[in-house]
Amino acid sequence: MSYFERLIVNMLTFISLSVLLPQMVHVQSLLTALLASFVLSILNLLIKPILTLLSLPLTILTMGLFSFLINAVMLQMTSSLVGPDNFGFSSFGASLLVAVIMSVVNLIVTDHNMRKYVK
């Protein structure tokens, strides 16, 4: 999946979750969702590898489940950079739930794209 496609999928996921879970996820507009998706991709490029490396023992101990906490931290950082009034979560638990949902959505979309190119 290309960078642009992943950006659009994350943007649509943010919008969808703000509609499905309005008490937990707040997205001001489509442009804000696109900005949040872009900021998240930059943070995932620069910060996430460092956090993943530092938390490798915990990730191994929890059989990979700690990576969801890292993703939730990345979402919280995205919220603080975009602005909590424009893009935010009601709690850390909400960002953890969004991290799990986004992982599942990205897994499904990536798997679908892989099957499309294999045929």
Pairwise distance [atom1]([X]) to [atom2]([Y]) - rounded to 0.5 angstrom:
| X | Y | atom1 | atom2 | result |
| --- | --- | --- | --- | --- |
| Phe68 | Leu97 | CZ | CG | 11.0 Å |
| Ile8 | Ser37 | CD1 | OG | 7.5 Å |
| Leu17 | Ile101 | CG | CD1 | 5.0 Å |
| Leu34 | Phe87 | CG | CZ | 12.0 Å |

Shortest non-hydrogen contact from [X] to [Y]?
| X | Y | result |
| --- | --- | --- |
| Val27 | Ser18 | CG2-CB, 3.8 Å |
| Tyr3 | Ser41 | OH-OG, 2.7 Å |
| Leu75 | Phe89 | O-CE1, 3.6 Å |
| Pro84 | His26 | O-CD2, 4.2 Å |

remark   = Quick note, side chain to side chain donor-acceptor pair (under 3.5 Å) partners involving residues 61-70, not counting sequence neighbours, are none

query = Which pairs, with at least one residue in residues 74-87 and sequence neighbours excluded, count as a side chain to side chain donor-acceptor pair (under 3.5 Å)?
reply = Gln76-Ser95

query = Is any side-chain heavy atom of Met77 less than 4.5 Å from a side-chain heavy atom of Val39?
reply = no

remark   = Apart from Leu31 itself, members of its ILVMFWY cluster (side-chain separation under 4.5 Å) are none

query = Which ILVMFWY residues are connected to Leu61, directly or by a chain of links, through side-chain heavy atoms under 4.5 Å apart?
reply = none

ask   = Is there a side chain to side chain contact (heavy atoms under 4.5 Å, CB included) between Leu56 and Ile60 once you walk through the steps?
value = CA-CA 6 Å; Leu56 190 61; Ile60 292 171; 3.9 Å; yes

Same cluster or not: [X] versus [Y], using hydrophobic residues (I, L, V, M, F, W, Y) connected whenever any side-chain heavy atoms lie under 4.5 Å apart?
| X | Y | answer |
| --- | --- | --- |
| Leu12 | Phe4 | yes |
| Leu30 | Met102 | yes |
| Ile70 | Val100 | yes |
| Val25 | Leu20 | yes |

message = If the condition is side-chain hydrogen bond (donor to acceptor under 3.5 Å, both in side chains), which residues does Ser29 pass it with, not counting sequence neighbours?
response = Thr32

List the atom pairs, with distances to 0.1 Å, where a side-chain N or O of residues 42-54 and a protein N or O form a donor-acceptor pair under 3.5 Å, not counting sequence neighbours.
from	atom 1	to	atom 2	distance (Å)
Asn44	ND2	Leu40	O	3.4
Lys48	NZ	Asn71	OD1	2.7
Thr52	OG1	Lys48	O	2.8

ask   = Ser91 side chain to Ala94 main-chain N or O, any donor-acceptor pair under 3.5 Å?
value = yes

query = Is the CZ atom of Phe38 crowded by more than 12 outside heavy atoms at less than 6.0 Å?
reply = no

